[in-house]
Amino acid sequence: AQSVTQLGSHVSVSEGALVLLRCNYSSSVPPYLFWYVQYPNQGLQLLLKYTSAATLVKGINGFEAEFKKSETSFHLTKPSAHMSDAAEYFCAVSAYGGSQGNLIFGKGTKLSVKP
Amino acid sequence: DVKVTQSSRYLVKRTGEKVFLECVQDMDHENMFWYRQDPGLGLRLIYFSYDVKMKEKGDIPEGYSVSREKKERFSLILESASTNQTSMYLCAARGRVGEKLFFGSGTQLSVL
């Protein structure tokens, strides 16, 4: 069975500062890993995904995430926060080769960016 | 990109009413999903469908049912709405396993 833990329900950074959102997963088989972002009053959209091709994954809007099998982590980073990055971020895991590959979502981390 | 459209952005219903939430996708994706989103709980899977007339329970199916008569349309039904079903409901569609989910904008349902 798969599970996802996002550390910190709220993260606040200053504009221009490093963004680090933490995600740890549990999976008995090689996983697919995803980060989604939800802007206010919108559905979720994909930021990036890991599918075993490369451990460092680059996504949209300058975000990237590194898959670390030994730490079972898939933390999301961005070198310099922008005001427009304020949103809620969800990490998700899916079983590689699972029957329907349903995504299991973390509880989300709300990112605030201070001017 | 796939477009997923949910028929209502906001919905207010009374306790005991039968409620239909509609979702339509404009691509030929086999897999469709209904999630419920609550603050601090993230997204929880209610039901999913991997083909027409096929459905599977997710993690929290109690009090809900679904219908998929056509490939592009996936409906969520609250047989008798209760106040604890007040929530944001998100529909999603996906192609093969490992591909990304495309989400609708959500329906904020309030049951009074």
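Every chain is numbered from 1 and lettered A, B, ... according to where its sequence line falls, protein lines coming before strand lines. Worth knowing before you read on, the calculation uses all heavy atoms, side chains too, and leaves out hydrogens, waters and symmetry mates.
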* Asked: Would you find a donor on one side and an acceptor on the other, under 3.5 Å apart, between the side chain of A:Tyr36 and the backbone of B:Leu101?
  -> yes
* Options A:Lys49, A:Glu88, A:Gln6, ranked by heavy-atom pairs under 4.5 Å with chain B, top entry -> A:Lys49
* **Side chain, backbone, both or neither of B:Leu45 within contact of chain A (heavy atoms, under 4.5 Å)** => side chain
* Is there a chain of hydrophobic side chains (I, L, V, M, F, W, Y, each step under 4.5 Å between heavy atoms) that links A:Met83 to A:Tyr89? -> yes
* Rounded distance (nearest 0.5 Å) linking atom OG of A:Ser94 with atom NZ of B:Lys100 -> 15.5 Å
* Asked: For chain A, which of B:Gln108, B:Gln6, B:Arg9 has the most heavy-atom pairs under 4.5 Å?
  -> B:Arg9
* **Hphob cluster co-occupancy, B:Phe48 + B:Leu90, side-chain heavy atoms under 4.5 angstrom** => yes
* Is it the case that more than 12 heavy atoms not belonging to B:Lys71 sit under 6.0 Å from its NZ atom? -> yes
* Same hydrophobic cluster for B:Tyr50 and B:Leu76, using side-chain heavy-atom links shorter than 4.5 Å among ILVMFWY? -> no
* Give a yes or no on whether the backbone of A:Phe105 and the side-chain of B:Arg44 come within a donor-acceptor separation of less than 3.5 Å. => no
* Asked: Roughly how far, to the nearest 0.5 Å, is CD of A:Gln42 from CZ of B:Phe103?
  -> 13.5 Å
* To do: To the nearest 0.5 angstrom, please state how far the CZ atom of B:Phe102 sits from the CG atom of A:Leu46.
  => 8.5 Å
* Asked: Same cluster for B:Leu112 and B:Leu11 if Ile/Leu/Val/Met/Phe/Trp/Tyr side chains link at under 4.5 Å?
  -> no
* Asked: Should B:Leu43 and B:Val66 be counted in the same cluster of Ile, Leu, Val, Met, Phe, Trp and Tyr side chains packed under 4.5 Å apart?
  -> no
* Which answer fits B:Gln37, side chain, backbone, both or neither, if we ask what part of it has an atom under 4.5 Å from a heavy atom of chain A? -> side chain
* Structure fact -> dist B:Tyr10:OH -> A:Asn41:CG (nearest 0.5 Å) comes out at 4.5 Å
